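The shown structure was predicted, so the numbers you read here are calculated from the model rather than taken from an experiment. Just follow the structure's listing: the first ligand is 1, and inside any ligand the first atom is 1.
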Amino acid sequence: MRILIVEDESTLVTYLKKSLEAEGYTVDAALDGDTGLELALSGSYDAITLDIMLPGMNGYSVCREIRKAGISTPVLMLTAKDGEYDEADALDIGADDFLRKPFSLVVLVARIRALVRRGGAARGSELRVGDLVLDPAKRSVSRAGTSIELTPREFALLEYLMHNVGQALSKAQILDHVWSPGFMGDENVAEVYVRYLRKKIDDPFGNPLIKTVRGVGYRIEED
Ligand code: CA
C-alpha cells in the first residue's frame, strides 16, 4: 500500500511518514502543491492525504486537477479549522473525506485505512441496476448506453444507493455516508440531491429506478 502525503509542515510530514511506515505503508511526501500534483498524476497511490494551504498550487486545485485527469485515488483533505474554505467544498471538488486540523494520529490512520479499503473495492467492479451502469474507477455513469454527467456529490449519492441496491436508505444514513458522519445540517439537502439525480438518471428514461420509501427515505431498484 502506497500513500502520498502532500503537506508543507515538515515536522508533521516527518511524524506522519514515520507513523504510517510503522503501520506497513510505503510513504512518499511532497512539500508543495505542484510536486504533489505531479506525483499524484502517476496514479500509483492507494490513498492521498492533501493539505489545503500549500506553497504553489493549493490543495483544492490539486484535488480538482487529479480528478480532471480521471485519477480516482481516494483523497483525504486535511482542513484547518479557520480555513477560508469549508469541508463541503472539499467533497464537492472530489475529495473522498476530510479531517480537521489538529487531528489525532489514530484517527488519521483509521481514516486512511478506510479510504484504501473503499478505493480498492471501488476499483473492483462496475455497479449495475437495470440499464444503469456506474463505473467507480472511471467515475462514469451511463444509462441505456447514454453517458450521464454527474457532479462529485451526485456521483457519491448514486454510488451509495447502488451499493445498497434494493435496500431502503434513510436520509440520515445518506447524509452520514455521502456528506459526513454526524452531519448536522439540514436533512432536506438529501432530498434536494435525490431530485437532482432523478432529473439526470430517471426523468429522461421514463422508467424510474430511484424509489421513495414513504417515512423512510430512498431505494434504488429495477421494477
Ligand atoms: Ca499547510
Side-chain angles (χ1 to χ4, degrees), residues 1-120 122-123 139 151-153 155-156 175-185 189:
M1 292 290 152
R2 197 176 190 91
I3 311 284
L4 173 63
I5 299 172
V6 188
E7 169 65 63
D8 59 323
E9 285 167 54
S10 57
T11 48
L12 182 56
V13 171
T14 309
Y15 176 65
L16 286 179
K17 198 164 177 332
K18 217 187 274 174
S19 314
L20 289 168
E21 281 170 354
E23 294 276 326
Y25 294 106
T26 305
V27 180
D28 291 337
L31 295 166
D32 63 81
D34 301 82
T35 310
L37 177 61
E38 201 184 314
L39 289 173
L41 289 181
S42 69
S44 52
Y45 295 98
D46 298 287
I48 298 171
T49 71
L50 188 53
D51 188 25
I52 291 173
M53 301 313 254
L54 291 163
M57 191 181 260
N58 73 31
Y60 281 95
S61 306
V62 172
C63 187
R64 204 176 287 125
E65 291 302 317
I66 292 172
R67 293 296 181 246
K68 225 196 264 171
I71 297 208
S72 60
T73 310
V75 172
L76 172 65
M77 293 220 105
L78 305 178
T79 61
K81 202 174 192 168
D82 55 357
E84 76 182 277
Y85 300 97
D86 91 330
E87 281 99 5
D89 294 329
L91 298 174
D92 276 334
I93 55 145
D96 299 86
D97 199 2
F98 59 83
L99 196 53
R100 193 176 274 188
K101 285 182 175 182
F103 48 79
S104 95
L105 187 64
V106 178
V107 173
L108 177 75
V109 171
R111 295 283 191 92
I112 288 177
R113 245 192 243 120
L115 268 191
V116 168
R117 243 194 338 261
R118 222 194 288 166
R123 269 192 293 277
R139 295 192 82 79
T151 66
R153 184 83 68 174
F155 186 91
L175 292 169
D176 243 33
H177 282 83
V178 181
W179 273 260
S180 59
F183 179 82
M184 297 297 280
V189 74

- Which atom of Asp51 approaches the Ca ion (ligand 1) most closely (N/O/S): OD2

- Note on the structure: Partner of Ile3 under side chain to side chain contact (heavy atoms under 4.5 Å, CB included), picked from Ile48, Leu16, Thr73, Val116, is Val116

- Query: With distance as the sole criterion, is a donor-acceptor pair present between the side chains of Asp46 and Tyr25 under 3.5 Å?
  - Reply: no

- Item | Metal check, the Ca ion (ligand 1) vs Glu7 N/O/S, cut-off below 3.0 Å | no

- Check whether any side-chain N or O of Asp8 sits under 3.5 Å from a backbone N or O of Leu31 as a donor-acceptor pair, and report yes or no. no

- Hey, are Asp97 and Arg111 close enough for a salt bridge, meaning a charged N less than 4.0 Å from a carboxylate O? yes

- Please work out the angle at the Ca ion (ligand 1) defined by atom O of Met53 on one side and atom OD1 of Asp8 on the other, rounded to 10°. 90°

